[in-house]
Amino acid sequence: MPADHYPFGLTVPRRACHIIYAQVVTAERIGPPQPGVRAVELGEDISLYNPRTHGVALLNGTASDVWRLVDGEHTLEEIVALLGAVYDADVDVIRQGVVRTVADLVAGGFL
Amino acid sequence: MLDLRLLAARFRVFGAPAVVGQARRLLSAFLPPSGPDGEPDAGPAAGPVRQITVRALPGGFAVTVTEPGTPPGPVVPGPCGTDELCGTDVPGALARVVAALNAAALAQAGCLAVHAGVVARDGRAVAFPAGSGQGKSTLTAALLRAGWDYVSDEALCLDWADGSLWSYPRPLELSAWSRAAVGLAGSSDGRDVLLTAADLGARVAAAPLRLTHVVLPARRDGTGGVSLVPAPARQAAAALLSRSFNHWRDPARAFELVHQVVPAVRVWRLRLGSPTAAAALLSDHC
């Protein structure tokens with residue numbers, strides 16, 4: 001199954017993402033992280049370790065910003081709005097990136 | 001007979017004198033220190049000994065690895081067995097001995113071992129994690145020729161407990177191209193040759209060593225055009241984790257250890273062209 005690279009810096013098999021994508025778009029709140037997931041700051045980036053699967057995700061800057069907001073307190077649109085205030089990008093592009101990143105994090109068992 | 005200690009694992013190599021004698025020179029960095037009685041010191045962790053037997057065949061040699069606790073087979077001439085690595089001559093047999101030692105040492109290593117070349121200067125170590133065939137040994141040789149001390153051309157070893165850096169100065173195996181690229185004379189038959197740090201005019205790096213740079217090499221071609229640019233720390237973390245031989249032993253600790261080490265190093269991306277040009281660039285920046 002070929003992996004797909006998303007602009008927010010994670011890799012996940014494409015098939016898993018189609019199902020998770022719908023879940024992300026319809027969720028009331030995004031997050032919180034799965035219990036036991038270890039998050040470590042590495043400069044401005046964040047590294048994640050999943051003790052259940054021994055999986056690792058090394059998030060780039062934008063994916064790290066998403067991670068900081070998936071605490072179970074924000075909706076998808078709130079996250080998009082918060083990132084829109086920081087990034088000089090079209091809100092639809094930001095929304096697409098957030099959905100993909102969150103879907104990747106769910107597929108990896110981090111959320 | 002040759003008693004060796006590689007990455008805290010113990011080995012005994014015995015058999016054909018022509019091979020064992022040359023192995024002693026190539027692997028002198030791994031001879032255990034002598035105790036007060038002049039006998040080899042077993043060391044604080046005197047664990048099981050893996051035997052490597054070299055026996056003569058008609059027209060060559062056979063190399064057998066025997067697991068600890070299993071009596072080794074007799075060293076008698078005979079055809080190559082199915083569990084043996086067979087070489088046609090002394091250099092071939094030596095290459096197989098070194099390969100067998102390497103595989104067994106990495107499998108048993110008491111450290112987090114990452115596939116990387118490592119050199120040092122004044123106790124500060126530079127590691128370049130990369131896969132097989134990506135130029136680690138050639139770049140290592142070029143750096144040794146440029147005055148760096150030798151840590152390893154195979155593995156960056158970080159102590160599981162405290163992250164301290166272990167040396168693993170196994171013999172470098174250089175192709176005819178690699179030897180020419182770093183300005184060494186080639187052998188008449190064009191075969192790969194095993195060389196020690198001393199053969200390259202360098203020393204084995206002395207402890208203690210501290211990792212200060214991680215360099216991520218990308219091959220271009222052999223004609224020049226090297227470049228060295230800063231890279232994000234997460235790329236070093238990705239390289240160290242994905243290139244590890246044995247992170248599976250303790251995945252959580254491997255993750256922790258890498259994230260303990262990486263924040264303290266500078267990370268670079270190196271576009272490899274000529275190995276000697278790359279060595280000069282690294283010598284200026286690291």
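Proteins come first, then strands; the chains are lettered A, B, ... in the order of their sequence lines, and each starts at number 1. Please read these numbers as outputs of a predicted model, since none were measured by experiment.
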Fill in: Non-hydrogen atoms of B:A252 and A:Y49 that approach each other most closely
N-OH, 3.3 Å
Discussion item. Tell me whether the count of non-hydrogen atoms from other residues, nucleotides or ligands lying under 6.0 Å of CZ in B:R210 goes above 12.
Written reply: no
Fill in: Pairs of heavy atoms under 4.5 Å with chain A: top-ranked of B:R234, B:E256, B:H259
B:R234
Practice prompt. Check B:A237 against A:L58 and note the closest heavy-atom contact, atom names and distance.
Written response: C-CD1, 4.1 Å
Worksheet entry | Heavy atoms of other groups near B:R145 CZ, more than 12 under 6.0 Å | yes
Fill in: Residue A:E44 excluded, over 12 heavy atoms near CD under 6.0 Å
no
Worksheet item: Using a cut-off of under 4.5 Å for heavy-atom pairs, which of A:L48, A:I46, A:N50 has the most such pairs with chain B?
Response: A:L48
